[in-house]
2 protein chains.
Amino acid sequence: MSLPHILLGLLERPQSGYDLRRAFEGGAAHYWSAELSQIYPALKKLEAAGHVTATEVVSQKGPSRKVYERTDSGRNELVAWIRTGPAESASRLAYVGQIEFAHVVGDLAVTTRLIDTLEVSFQSLHDLLVDVEAELREQTRTPRVLHELIAVQLGVATLRARLDWCEDARELLKRAS
Amino acid sequence: MSLPHILLGLLERPQSGYDLRRAFEGGAAHYWSAELSQIYPALKKLEAAGHVTATEVVSQKGPSRKVYERTDSGRNELVAWIRTGPAESASRLAYVGQIEFAHVVGDLAVTTRLIDTLEVSFQSLHDLLVDVEAELREQTRTPRVLHELIAVQLGVATLRARLDWCEDARELLKRAS
DNA sequence: TCAGACATGTAATACGTTACATGATTAA
DNA sequence: TTAATCATGTAACGTATTACATGTCTGA
């Protein structure tokens, strides 16, 4: 049950469901994602549980927004979740399987193409996270900023490692052909 | 629809459902996982589709096993999947959120404890993968071995990066306290 | 004899994606 | 005028976890 807790965390600042989805396309993309069809019901359940409150706000552009705000109860629930220790779950990176099994194709160029395509995705997320990291470095080092910095650095480190791997893997494939 | 394809890939060597689950606890753990309750129905569907065949084999220990073998049709399906390009999906690493939001706890020691616990998991998977990598390095460099090596190196590189991050993050937290 | 590994399965529940439904505002 | 973005929601379907159900063999 992580999505509700992730939403509670992101609601450090009051936001609408629509805003929260944009977080999953931006700085939060490296660790979580959810569709609007999952976010809206999740927010309703959090409201029913008293963890957030909703306020209808007239929007400048488009229909009126429902801005959600975290309550003390929601804050307590978030703290309790964090105190239970790391919420680890299994990785599901199908593309690694595709590479591992790609020998059945009988054409190393297919593997190289897989890696080239992956590299583009890795690079764009990496660049985005580096920007987020730079912004955080310019801010006063409050506990909040410190934690955000640590979290984004995990993403940057992971993506740097994967980008390096792309080069190394391509080199191994070139030597083998 | 990745699980069936992952299973087809792992069935490079004929195996039972029980065997396949053990793969997800071993060398395949860094990119995929599935429970037996998901594996058994998936194998049945693959059999119905003609992508695998099942053979009942009497076991030395315990009840008789159902050993699945990939057919030509299954091999073609696997190749087609790999040729469609990388199957990318969103990351879901709730523990990164826990760290990002941990400032609400108001106690940096909690964040440090999260990182310490994560480090233990990272280390054990890292060590396992390093062993797998070493074994592959000793084998003749066939295309199959080359691809397995490349895949496992992505896991090793990712985990090395995360282990380094654990140290760096702890250092930042120490300076801040 | 009893716990743990071996071995296969189904059922209930929870989580996540895609498709559907509606409508306003803005910029090209 | 028409496409894109803003904004909220439901329904249908697919994927994954937990719990249930059954039974054998081996070693302590």
Exercise. Phosphate oxygens OP1/OP2 of D:dG9: is one of them under 4.0 Å from a side-chain N or O of A:K66?
Worked result: yes
For this session: Measure from CD on A:E56 to P on D:dT8 and round the result to the nearest Å.
Result: 9 Å
Problem set entry | Helical bend (five base pairs per end, nearest 10°) for the helix from C:dT1-D:dA28 to C:dA28-D:dT1 | 30°
Exercise. Rounded to whole angstroms, how far apart are NE2 on B:H5 and P on D:dT15?
Worked result: 11 Å
Problem set entry | Pairwise ring pair (Phe, Tyr, Trp, His ring centres under 6.0 Å) hits with a residue in residues 33-68 of chain B, at least two apart | none
Problem set entry | Pairs satisfying salt bridge (charged side-chain N to carboxylate O under 4.0 Å, His left out), at least one member in residues 140-162 of chain B, at least two apart | B:R144-B:E148
Exercise. Under a 4.0 Å heavy-atom cut-off, which of residues 75-92 of chain A touch DNA chain C?
Worked result: none
Problem set entry | Exam field: side chain A:T71 to backbone A:G50, donor-acceptor pair closer than 3.5 Å | yes
Exercise. Can you hop from B:L78 to A:V110 via hydrophobic side chains spaced under 4.5 Å?
Worked result: yes
Exercise. Any side-chain heavy atom of A:L11 within less than 4.5 Å of one from A:Q15?
Worked result: yes
Problem set entry | Members of residues 33-41 of chain B that approach DNA chain D, where some heavy atom sits under 4.0 Å away | B:E35, B:S37, B:Q38
For this session: Indicate if A:L7 and B:L93 have the same hydrophobic cluster label, given that clusters are the connected sets of ILVMFWY residues with side-chain heavy-atom separations under 4.5 angstrom.
Result: yes
Problem set entry | Closest to side chain of B:K44, choosing from D:dT15, C:dG9, D:dA16 | C:dG9
Exercise. For the pair made of CG in A:L43 and P in D:dA7, what is the distance, rounded to whole Å?
Worked result: 14 Å
For this session: May I ask you to test the B:Y95-A:L154 pair for a side-chain heavy-atom distance under 4.5 Å?
Result: yes
Problem set entry | side-chain hydrogen bond (donor to acceptor under 3.5 Å, both in side chains) against B:S64, all qualifying residues, sequence neighbours excluded | B:E56
Seminar exercise, completed: Per the under-4.0 Å heavy-atom filter, residues of residues 13-24 of chain B near DNA chain D come out as none
For this session: Mind jotting down which residue pairs meet the side-chain hydrogen bond (donor to acceptor under 3.5 Å, both in side chains) criterion with at least one end in residues 101-116 of chain B? Sequence neighbours excluded, please.
Result: A:E12-B:H103, A:H147-B:T111, B:D116-B:R170
Problem set entry | A:G85 backbone acceptor or donor facing B:Q98 side chain under 3.5 Å | yes
Problem set entry | Where at least one partner belongs to residues 21-30 of chain B, residue pairs that pass side-chain hydrogen bond (donor to acceptor under 3.5 Å, both in side chains), sequence neighbours excluded | B:D19-B:R22
Problem set entry | ILVMFWY cluster membership beyond B:V67 - transitive side-chain contacts under 4.5 angstrom | B:V57
Exercise. Whole Å only: how far is the CZ atom of A:R65 from the C1' atom of C:dT25?
Worked result: 14 Å
Exercise. Is the shortest heavy-atom distance from the side chain of B:L3 to the side chain of B:W32 under 4.5 Å?
Worked result: yes
For this session: For residues 72-100 of chain A, pull every pair meeting salt bridge (charged side-chain N to carboxylate O under 4.0 Å, His left out), keeping only residues two or more places apart or in separate chains.
Result: none
For this session: Carefully, step by step, assess B:L118 and B:I99 under the rule side-chain contact (heavy atoms from CB on, under 4.5 Å).
Result: CA-CA 11 Å; B:L118 282 170; B:I99 288 164; 3.8 Å; yes
Would you tabulate the pairs of protein nitrogen or oxygen atoms and nucleotide nitrogen or oxygen atoms of nucleotides 20-27 of chain D closer than 3.5 angstrom?
{"unit_1": "D:dC25", "atom_1": "O4'", "unit_2": "B:G62", "atom_2": "N", "d": "3.3"}

Exercise. To the nearest Å, how far apart are B:K45 NZ and C:dG9 C1'?
Worked result: 17 Å
Problem set entry | Check: B:E69 side chain, B:V52 main-chain N or O, donor-acceptor pair, under 3.5 Å | no
